[in-house]
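Below is one structure, written out as structure tokens; comments come after it.
When a ligand or atom number is given, it counts from 1 through the structure's own listing order.
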Amino acid sequence: MLEVAMNSNPSNPHTNENDNRNTGSRQGKSKGKKVASFVLLFLLLSMIFLGFSWSRHRQETRMEAIQLAESLGSIFHVEHISSISREADGANEQNTDYQLYKRNLMQLKETTQDIDFAYLLAERNGEVLILMDSEPEDSPKYSPPGQIYEEVDSTVKEPFETGETVITDPVADRWGNWVSVLVPVVDEATGETIALFGMDYDAWEWKEGILVKMIPDVVVLISILLLSGLFLRMRNQQNELKRLSKRLGYDEAMFRGVFNQAPIGIAIMEGPRFVTKRETGHSTVNPMFQSILGRSEKELENVEWRTITHPDDLPEDLDQYEKFRKGEIPGYSMEKRYVRPDGQSVWTYMVVSRLTDLPDSSNLHLCLLQDISARKEAEAVLEESERSKSLLLSNLPGMAYRCKYDWHWTMLFVSDGCYELTGYHPDDLVQNRRVAFNQLISPRYHRILWEEWNQAIEQERPFRSEYEIITAGGERKWVLEVGEGVLNARGEVEALEGIILDITERKQMEEQLRYQSEHDLWTTLYNRRSLERRLKEEDDESLRHKRALIAINVSPMQLLSMIYGFDYSQKALKSVANVLSSLCTKDRELYYTYEYRFVFYVKKVESREELEEFTQEIIKKVKGVLASDRINGGIGAVEIEARQKTDSSEFVDELFQQLLIVSEQAVQSNEKEWQVLFFNEQMTETIQREEVLIQEMEDVAKGNRTDRLYLLFQPLLDVKSGRISKFEALARFHSDAYGFISPVEFIPLAERTRLIIPLGWLILQKAFKFLCELNEKAEQSIAMNANISVIQLLKTDFIEEFIDLMQKMGVSAENITVELTESVFATNLADVNKVLEGLRSYGVQVAIDDFGTGYSSLSRERDLHVDCLKIDKSFIDRLLILDRKQTIVGDIISMGHKMGHQVVAEGVEYESQFDYLRESGCDLIQGYYIGKPMAKEEAEDLITDQWTEK
Ligand code: C2E
Ligand code: CA
Ligand code: CA
């Protein structure tokens with residue numbers, strides 16, 4: 001990791017160096033050009049200067065030569081020259097002038113070093129003669145006087161004409177190469193040039209002379225050249241120095257930058273200690289190093305690395321360091337902990353290596369640190385999570401798996417729980433070694449599961465399914481599988497993962513509940529709910545025919561219970577059920593819909609006669625069982641015309657209502673004999689009765705003679721304290737026309753007409769009023785349960801009005817419980833919950849009435865916002881006929897408690913029921929065993945007695 005970090009430093013020194021080199025060579029080239037042009041310029045200037053100097057010195061030399069010649073020329077006198085000239089035929093050597101001048105000339109040549117030849121020339125007849133020269137007569141260069149100067153050129157002749165001194169350019173003649181100065185000797189009288197005095201300089205020497213004179217100039221030039229060279233070199237060196245120091249600056253800045261900002265700690269150490277700033281003048285421990293160790297550079301001056309190394313890591317570090325120190329290894333790296341000043345240790349990855357390239361680096365080494373505590377922590381967390389995962393897996397009530405997405409569900413991993421669940425060891429299942437998981441699945445689920453998985457994968461959602469497996473021992477078990485597809489990087493399913501839990505017990509209870517909710521347990525016949533569903537599900541085929549519901553009302557059998565006891569009556573009931581069952585065919589189904597009420601659902605009815613015949617058959621059968629006890633009953637029939645749909649709840653309710661009315665009347669109208677009534681005949685009367693009742697209830701709702709609606713109060717016993725702690729308010733109606741009416745008849749009527757809303761408020765008002773009166777007398781507060789119809793509950797502003805009424809009447813919310821039948825949750829869950837939440841926020845309690853009869857909502861029980869469950873009477877009844885192992889009342893109580901609810905049992909009539917319920921921890925008990933619904937005076941007495949008794 002460290003290596004990576006170190007190499008991944010993005011600043012690239014190579015590129016910089018290349019740049020430097022490039023700019024360097026570019027600079028070099030331009031410098032070369034500059035130097036070349038400078039040299040060229042210098043050469044040009046030097047040439048100009050030398051040329052100039054040459055011409056100046058030449059001019060000077062010429063002037064000097066002319067001056068010399070002219071001053072010497074002045075020694076010649078015209079007369080003498082004339083005399084010499086006249087005798088210039090060679091005979092004049094005796095001439096004294098000649099001799100004098102000859103001597104002078106010779107002397108001149110001798111004494112004047114530069115002059116090689118001096119002479120006098122004259123012109124005669126267009127020819128130039130040599131009058132004399134400076135040579136002795138034996139000299140090869142000697143010319144006798146008067147000798148014609150043959151090589152003469154036009155320059156020599158010029159002074160004769162102009163009378164001006166002339167200096168020639170180098171001229172060659174028989175004696176050599178010369179520069180001649182020719183001075184005319186002028187006769188003042190005539191102004192004629194009578195002779196020329198000439199001096200010859202050797203051309204080479206002449207040039208040499210000039211060159212010698214130029215030496216200082218050349219010296220100056222060379223000096224300038226040298227100085228410039230020197231200057232250039234110095235400048236160059238200075239530039240190089242500047243460039244180097246700039247580069248050094250960059251290098252220094254880069255080093256400092258890296259040193260100060262590197263994400264790894266860097267320190268220079270000497271043996272056991274840190275090299276200090278005092279010794280080197282600058283930091284040798286970078287900020288990251290300091291931050292990793294939690295110590296400043298200053299603090300590090302006084303510690304040795306071993307004293308801040310974690311004791312557990314020290315031995316290995318010392319061991320490695322010793323080898324390193326002896327030179328056995330070039331360096332080492334390790335993961336180690338340092339201890340910070342606060343005692344915390346920090347995990348690091350450390351690299352130690354020798355510091356080379358330093359003059360005295362024998363004992364110095366470089367220490368690089370990387371903080372790896374985060375990684376170490378992650379490793380620890382991972383380890384912990386692995387540990388807890390394995391703990392979880394080993395305690396899972398089932399198995400966790402990873403399998404291939406194939407038809408066999410080929411297992412790749414199976415947790416240990418597999419054995420307990422399936423009876424196979426994990427090894428048996430993995431890779432289908434002994435058995436493929438698919439073989440464990442009950443065959444009827446093979447295709448279903450495959451398709452469900454496919455769907456889950458396709459829709460990218462978790463898979464969840466319940467199915468049956470067959471264990472190694474042949475046992476069937478219900479399991480719940482929850483899983484998910486594991487996708488690889490390309491989004492393809494790599495495997496499936498999930499858990500499989502044993503839910504056999506829950507399934508059994510559910511099955512039992514379902515069975516119970518659809519059946520009457522004692523008679524084992526389907527119940528009213530099943531019939532309801534059956535009617536709603538009816539298909540087109542059966543709609544083509546007339547159908548009928550035939551109710552057999554044997555309610556007088558209740559007498560048997562009173563005379564001979566519950567057991568006896570129940571056995572008789574079972575016999576009735578058995579004989580009726582014998583009449584069932586494909587088109588005649590039997591249901592037990594209500595206490596002591598059976599219903600035949602008859603399909604494909606041809607005629608009324610057919611039905612009448614059938615009812616006689618029924619009567620014959622039932623009589624066979626009941627005649628000895630002299631118990632009679634009645635039969636009510638409701639016909640459903642062909643094509644009449646029965647898929648609406650309202651119509652089904654209406655059918656049941658009709659059936660109830662017609663069968664009640666069949667019993668009531670003649671208690672001596674069995675009677676058969678068909679609904680049609682009774683319809684008018686029933687409708688009439690309903691109309692009258694509705695009329696009377698409307699009247700009450702308007703506030704007229706409200707005493708017709710009154711309440712009875714049924715006590716609820718608190719099992720723990722053994723006292724009556726509350727009453728349930730139960731409505732009664734006393735009709736002017738029909739006398740006493742059961743709530744079973746008038747409440748549905750009031751609901752149908754929505755009169756239940758005003759009547760409901762009237763009932764609440766009466767209940768609250770009585771509650772206040774009670775609590776004035778009671779020593780401990782008494783509470784009240786009130787039944788509320790969902791029609792009233794869902795009316796807007798229900799909560800506000802309820803709370804208003806409560807406050808107006810002066811009752812406190814804690815003493816009020818609202819009872820709602822379980823069935824209302826099935827349809828309006830969300831709306832109902834909202835109202836219940838509202839009520840509960842004020843402290844009003846909520847109870848589910850008739851709990852257990854609406855199977856569908858049991859599984860959603862968690863979703864209901866209630867405080868209390870009232871177990872339906874039908875469950876309590878069964879306590880008498882089932883033994884304790886068969887009943888689920890105890891389970892319901894403990895489940896209710898688990899969910900934090902209070903549990904009430906209703907319809908408790910016998911001591912044995914009471915005992916069972918008390919032992920099962922039921923909180924409250926209601927029923928005739930405790931007390932029947934009673935008038936308020938009676939209820940008041942009950943409470944006062946309760947307190948005087950104590
Ligand atoms: P519920 O709320 O389940 O009331 C319990 C019913 O069982 C009452 O019948 C009560 O008299 C009866 N009962 C109580 N203990 C026993 C017992 O030990 N054995 C037997 N066999 N029966 C017992 P009731 O008074 O005829 O009421 C019938 C239903 O009418 C009530 O059932 C309730 O759903 C409805 N109801 C009664 N009063 C009101 C009311 O004020 N408002 C509304 N909306 N419905 C009401
Ligand atoms: Ca109730
Ligand atoms: Ca109830």
Near-ring test Phe802/Phe768, centroid separation under 6.0 angstrom: yes

Pairwise salt bridge (charged side-chain N to carboxylate O under 4.0 Å, His left out) hits with a residue in residues 790-803, at least two apart: none

Donor-acceptor pair between Lys574 and Thr524 side chains, under 3.5 angstrom: no

Mutual orientation of the aromatic rings belonging to Phe914 and Tyr929 [parallel < 30°, tilted 30-60°, perpendicular > 60°]: tilted

Atoms of ligand 1, numbered as shown, that sit under 4.0 Å from any heavy atom of Ile763: 41 (O)

Of all N/O/S atoms in Glu728, the name of the one nearest the Ca ion (ligand 2): OE2

Glu728 and ligand 1 - part of the residue with a heavy-atom distance under 4.0 Å: side chain

Residue selection (non-hydrogen contact nearest atom 2 (O) of ligand 1) among Ile791, Asp849, Leu762, Val908: Asp849

Heteroatom test (N, O or S) for Asn785 near the Ca ion (ligand 2), limit 3.0 Å: no

Under 3.5 Å: N/O of Glu751 near N/O of ligand 1: no

Those atoms of ligand 1 less than 4.0 Å from some heavy atom in Gly927: 15 (N), 18 (O)

Parallel, tilted or perpendicular, as decided by the 30° and 60° cut-offs, for the rings of Phe713 and Phe727: perpendicular

Tyr594 atom OH, over 12 foreign heavy atoms within 6.0 Å: no

Side chain Gln946, main chain Arg723, donor-acceptor under 3.5 Å: no

Tyr842 atom OH, over 12 foreign heavy atoms within 6.0 Å: no

More than 12 heavy atoms from other groups under 6.0 Å of NZ on Lys536: yes

Per-residue contact class, Lys873 against ligand 1 - non-hydrogen pairs under 4.0 Å: side chain

Contact bool for atom 34 (O) of ligand 1 (protein heavy atom, d < 4.0 Å): no

Any N or O of Gln926 closer than 3.5 Å to N or O of ligand 1: no

Mode of Lys932 contact toward ligand 1 - side chain, backbone, both, neither (heavy atoms, under 4.0 Å): neither

Residue, atom name and distance, where the atom is the protein heavy atom closest to atom 15 (N) of ligand 1: Gln714 NE2, 2.9 Å

Pair Ser530, Asn527: side-chain N/O donor-acceptor within cut-off below 3.5 Å: yes

Atom 42 (N) of ligand 1: the protein heavy-atom neighbour that sits closest, reported with distance to 0.1 Å: Asn787 O, 3.5 Å

Distance-only donor-acceptor check, side chains Asp923 and Gln902, under 3.5 Å: no

Part of Leu730 with heavy atoms under 4.0 Å of ligand 1, whether side chain, backbone, both or neither: both

Distance filter under 4.0 Å to Pro933 heavy atoms, resulting ligand 1 atoms: 11 (O)

Tyr526 atom OH, neighbour heavy-atom count above 12 within 6.0 Å: no

Mutual orientation of the aromatic rings belonging to Tyr568 and Tyr564 [parallel < 30°, tilted 30-60°, perpendicular > 60°]: tilted

Distance-only side-chain donor-acceptor flag, Asn632 / Gln675, under 3.5 Å: no

Within 6.0 angstrom of Gln512 CD, more than 12 heavy atoms from elsewhere: yes

Pick from Pro743, Ala847, Ala767, Ala786: the one approaching atom 26 (O) of ligand 1 most closely through a non-hydrogen atom: Pro743

Heavy atom of Arg732, distance to ligand 1 below 4.0 Å: yes

Criterion side chain to side chain contact (heavy atoms under 4.5 Å, CB included) on Glu906 and Leu716, from CA distance to verdict: CA-CA 9 Å; Glu906 355 174 52; Leu716 276 82; over 6 Å; no

Atom indices of ligand 1, in the order listed, that fall short of 4.0 Å to a heavy atom of Glu909: 17 (C), 18 (O), 19 (N), 20 (C), 21 (N)

Backbone or side-chain N or O of Ala731 under 3.5 Å from ligand 1 N or O: yes

Listed protein N/O/S atoms, distance to the Ca ion (ligand 3) under 3.0 Å: Asp849 OD1, Asp850 OD1, Glu906 OE1, Glu906 OE2

Expected output: side-chain Ser561 to main-chain Met557 donor-acceptor under 3.5 Å: no

Enumerated ligand 1 atoms positioned under 4.0 Å from heavy atoms of Asp850: 3 (O)

Minimum-distance protein heavy atom relative to atom 5 (C) of ligand 1: Glu906 OE1, 4.0 Å

Identity and distance of the protein heavy atom lying nearest atom 13 (N) of ligand 1: Tyr928 CE2, 3.9 Å

